[in-house]
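To keep things clear, I will list the structure first and then write my remarks on it.
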Amino acid sequence: MTRPCGATPVPPPPRVNPRYLRIYAAIAAIPPGRVASYGQIAARAGLPGRARLVGTALRDTPDGVGLPWFRVVHADGTIALPRGSRGFREQARRLRAEGVAVRNGRVAMPAFGLDHDLDRALWGLG
DNA sequence: ACATTGACTCGCG
DNA sequence: GCGCGAGCCAATG
């Protein structure tokens with residue numbers, strides 16, 4: 001139901017930088033219970049070598065977008081956010097809620113380590 | 001327009 | 001395991 005007048009009963013959708021759409025899509029594709037590194041997300045988004053851009057995109061992402069940002073960790077499995085920060089605790093909590101073991105600020109059982117293998121493990125791609 | 005910053009990563013020692 | 005430097009590039013001042 002569209003309405004002719006200005007006031008909308010639903011909250012306005014958060015606006016995102018269209019430049020990051022590919023990155024968001026790659027993050028959204030991470031299955032629950034799994035994690036992916038910044039570099040892997042970048043590669044999956046068609047931006048190989050631009051891991052930092054993924055970090056920038058995530059930082060600039062407004063809350064309210066249903067993005068599984070917490071499934072993105074460093075290449076070595078550590079959580080990127082500062083230890084003890086609110087975001088850090090939130091990420092660890094959400095990961096554990098999905099069955100991902102977090103030990104000492106890092107994903108306990110990456111079962112990978114190489115982005116190459118991770119890609120296959122996550123999406124079954126070659 | 002220039003300089004700095006940063007939710008990154010990899011190679012080296 | 002840790003630190004350093006280089007490459008990365010949009011955002012920010």
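To find a chain, count down the sequence lines: A is the first, B the second, and so on, and within it residues start at 1. These numbers come from the heavy atoms of this one structure, side chains and all, not from hydrogens, waters or symmetry mates. Remember, it's a predicted structure, so these values are computed and weren't measured experimentally.
Rounded to whole angstrom, the span from the NE2 atom of A:His74 across to the C1' atom of C:dG1 amounts to 17 Å. Regarding A:Asp76, its CG atom lies at a distance of 13 Å from the P atom of C:dG3, rounded to whole Å.
The side chain of A:Arg50 approaches C:dC9 more closely than any other nucleotide in the set B:dC8, C:dC9, B:dA7. Set against B:dG6, B:dT9, B:dA7, the side chain of A:Ser37 has B:dT9 as its closest nucleotide. Checked against B:dG6, B:dA7, C:dA11, the side chain of A:Gln91 finds its nearest nucleotide in B:dA7. Out of B:dA7, B:dC8, C:dA11, the shortest distance to the side chain of A:Ala51 is found at B:dC8. In the set B:dA7, B:dG6, B:dC10, the nucleotide with an atom closest to the side chain of A:Thr56 is B:dG6. In this structure, the nucleotide among C:dA10, B:dT9, C:dC8 sitting nearest to the side chain of A:Arg52 is C:dC8.
At a threshold of 4.0 angstrom between heavy atoms, the contacts of A:Phe88 with the nucleic acid are absent.
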For DNA chain C, the expected dot-bracket line (Watson-Crick or G-U under 3.5 Å, [ ] crossing, | inter-strand) is .||||||.|||||

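Side-chain polar atoms of A:Thr61 and A:Tyr20 form no donor-acceptor pair below 3.5 angstrom.
A salt bridge is defined here as a Lys NZ or Arg NE, NH1 or NH2 lying under 4.0 Å from an Asp or Glu carboxylate O, and A:Glu90 with A:Arg94 meets this definition.
Under the side chain to side chain contact (heavy atoms under 4.5 Å, CB included) criterion, A:Arg19 pairs with A:Asn17, not counting sequence neighbours.
A 4.5 Å side-chain heavy-atom check between A:Leu81 and A:Gln91 finds at least one atom pair inside the cut-off.
Non-hydrogen atoms lying under 4.0 Å from DNA chain B are contributed by A:Leu58, A:Arg59, all within residues 57-64 of chain A.
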